[in-house]
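To start, the structure under review is shown below, and the notes come after it.
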Amino acid sequence: MTKRAINVRIIIIGAGSLGLMYAARLARSGVSVLLLTRTEEQAESLNVNGITLEEAGAWLRPVPVTAVTLENYAASRRAESGDWIWLAVKQSHLSGDFMDKVAVISSHSAGLLCLLNGIGHMERLEAVIPAAGLYAAVSTEGALRVGDNSVRYTGRGTLTLGRWPKADGLEDEAQKMLARALAAAGIDTILSNEMDNRLYYKLLINAVINPLTAIYGVTNGELSLDPIRKKLMAALHDECETVLLAAGMRPDGDAWERLLSVCLQTAGNESSMLRDVKAGRTTEIEWINGGISALAKRTGIPSPLNDAVSAIVKALTLN
Ligand code: KPL
């Protein structure tokens, strides 16, 4: 059977765990992928060696991709109308200068899909990116970057995406093209017109798994398997859920089960916060548990556990 050409190009800003994992899966299914990196060294390594993906315990043949630094791309080129731009960086990268570059290169693109953890980023991006082209996304897939051009796919999850701010009607032509590319790559995708709620659900997951795995120094799977750690998970989960419900998250009754199932699905994964702590990098604690503490203050609810884990994680990295 001949492969149908997929006329969409995906430009991924950020070649970390998620960026590399999605780039490899999309590129091997025939989607044109361009990675925009922070460093020249990583761009060169990707151009020369492609991306090596480890899936189900086996390293697969490298997938060829094209890469260039964000700096060089923004200086001379712009995305075109059929291009999707995916933002797969940390909240700490969203400086004014960085967002200006993203705004310029994405100005004529089909859409800018934002795959960041935490809260607050969509509002900041909304202020500089034309609203019609902005999409929020949450991923529950597990990925672990092993090197500049190698990544381990540690757990199957879903990619949920939708317009930001909320728009009537789920799918426009650009989304349909993207959905086709995602389906061809075997990426389980959910289209949603309530991304504000989805970001809260994801925040609830990250606000429990990320700081506790960072503090205990364990994988996502090891966190929930230990009864004492699980007790602390439950207490932190309940505090976060109370705050998020007061802030407008719609209740759905199975948030705790969903959290446990993410731990299981990504059991071998080290959370992004644990990896940041180990590498001495700035963590996203400010936008995850710090974000919940800020919402708690606004809604007049105490948040002692969120305040405590924020203080401990900050002490671990002194950031
Ligand atoms: O998003 C994640 C992260 O590590 O930041 C989870 C879902 C917890 C997977 O590790």
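Side chains are part of it too, since the values below use all heavy atoms of this structure and drop only hydrogens, waters and symmetry mates. Both ligands and their constituent atoms are indexed starting at 1 by order of listing.
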- Test R25 against E141 for salt bridge (Lys or Arg N to Asp or Glu O under 4.0 Å), laying out the working first. CA-CA 12 Å; R25 291 170 68 198; E141 308 241 48; 2.9 Å; yes
Looking only at heavy atoms, which two atoms of [X] and [Y] are closest? And how far apart?
X    : Y    : result
A15  : L35  : CB-CD2, 4.1 Å
M195 : T160 : CE-O, 3.6 Å
S29  : L26  : OG-O, 2.8 Å
T283 : V277 : CG2-CG2, 3.9 Å

- Side-chain touch T317/D276, heavy atoms, less than 4.5 angstrom: no
Would [X] count as a polar contact of ligand 1, with the cut-off being nitrogen or oxygen pairs under 3.5 Å?
X    : value
N117 : yes
N210 : yes
S271 : no
E141 : no
T140 : no

Find all atoms of ligand 1 within a distance of less than 4.0 Å from any non-hydrogen atom belonging to [X], and give their numbers and elements.
X    : value
K202 : 1 (O)
S272 : 3 (C), 4 (O), 5 (O)
N269 : 9 (C), 10 (O)

- Note on the structure: re atom 6 (C) of ligand 1, the protein heavy-atom contact at minimum distance is N206 ND2, 4.0 Å
- Stepwise, does the side-chain hydrogen bond (donor to acceptor under 3.5 Å, both in side chains) test hold for S139 with Y22? CA-CA 10 Å; S139 169; Y22 279 129; 2.9 Å; yes
- Taking non-hydrogen atoms only, is N220 closer than 4.0 angstrom to ligand 1 via side chain, backbone, both or neither? side chain
